[in-house]
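Both ligands and their constituent atoms are indexed starting at 1 by order of listing. All values derive from a computational prediction rather than experimental measurement.
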Amino acid sequence: MSLSQIISRIHATEKTANRPLGATQLIAVSKVQPNARVHDVLEQGHSLFGENKVQEAQGKWPDFKAEFPNVHVHLIGPLQSNKVKPAIALFDAIHTVDRPKLATKLATEIQAQGKSPELFIQVNTGAEPQKAGILPNDADLFIKDCLALDLPITGLMVIPPVNEEPSLHFALLKKIADRNGLKNLSMGMSADFERAIALGATHIRVGSAIFGDRISHK
Ligand SMILES: *Cc1c(COP(=O)(O)O)cnc(C)c1O
């Protein structure tokens, strides 16, 4: 599917869901995609991208940003504590703040660099043992602790369990955000972004629907 087709679907859903036109930001997830494909989407004027690994992003975005200065790149994958420094230097937002140790490290490094990406807290709404994210029951306290560290937390992020109806998880994420006064919701991917928009997503993360399958184009 082309970028413009995805954008049309976003606008159509905003309309039927009674959300303001443009309420949803499309993050084009460019991980593992060949640079030529990413360049093509950049040339079409798209300016918001997502990557899930610090090192992979370091390998391509400094050059792309030199050519397309208005581009923003968000980290949507797990962040190890030892990568916090380059992550703050490179990314415009980090969606995966998920544990106290990482929060403390981010606070220290934001002070040191005098700049900060916008931050989202990842919530493990399905309480899956293998998945990153703070557990729903611990979320309120963790959000308060992050705000007490002066971290610029603006929203929450979720990756729902693969075999469950994602809408239940989107609704839970919105509920936690609302009761904590957070306005941004990073939720919805290629297969379910319309349901996420209907439930209040402000940022959808769409990869394969824009760029094609990640495996067959390596
Ligand atoms: C890869 C990835 C996406 C995009 O997935 P698609 O199904 O290709 O749209 C979204 N969010 C995260 C966290 C990802 O790692």
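- For atom 7 (O) of ligand 1, the candidate residues are G188, A209, G212, S208; the nearest heavy-atom contact is made by S208.
- Scanning I76, I204, D213 for the heavy atom closest to atom 13 (C) of ligand 1 points to I76.
- Near I159, meaning under 4.0 Å from one of its heavy atoms, ligand 1 places the atoms 13 (C).
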Pair L75-H95, side-chain contact (heavy atoms from CB on, under 4.5 Å): steps then yes or no: CA-CA 6 Å; L75 179 67; H95 290 230; over 6 Å; no
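- Using a 4.0 Å cut-off to heavy atoms of V206, the atoms of ligand 1 that qualify are 9 (O).
- Between F91 and H72, the distance from one ring center to the other does not fall under 6.0 angstrom.
- Around atom NZ of K101, no more than 12 heavy atoms belonging to other residues, nucleotides or ligands sit under 6.0 Å away.
- Listed by atom number, the atoms of ligand 1 under 4.0 Å from G207 heavy atoms are 4 (C), 6 (P), 8 (O), 9 (O).
- Evaluated by nearest non-hydrogen atom to atom 14 (C) of ligand 1, the leading choice among K31, M189, R205 is K31.
- Looking from atom 6 (P) of ligand 1 to the surrounding protein, the closest heavy atom is S190 OG, 3.4 Å.
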Q122 and T96: side-chain hydrogen bond (donor to acceptor under 3.5 Å, both in side chains), yes or no, with the steps? CA-CA 5 Å; Q122 182 175 356; T96 48; 5.1 Å; no
Stepwise, does the salt bridge (charged side-chain N to carboxylate O under 4.0 Å, His left out) test hold for E194 with R9? CA-CA 8 Å; E194 282 147 325; R9 280 171 63 186; 3.0 Å; yes
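- Below 30°, between 30° and 60°, or above 60°: for F68 and H39 the angle between ring planes is above 60°, a perpendicular geometry.
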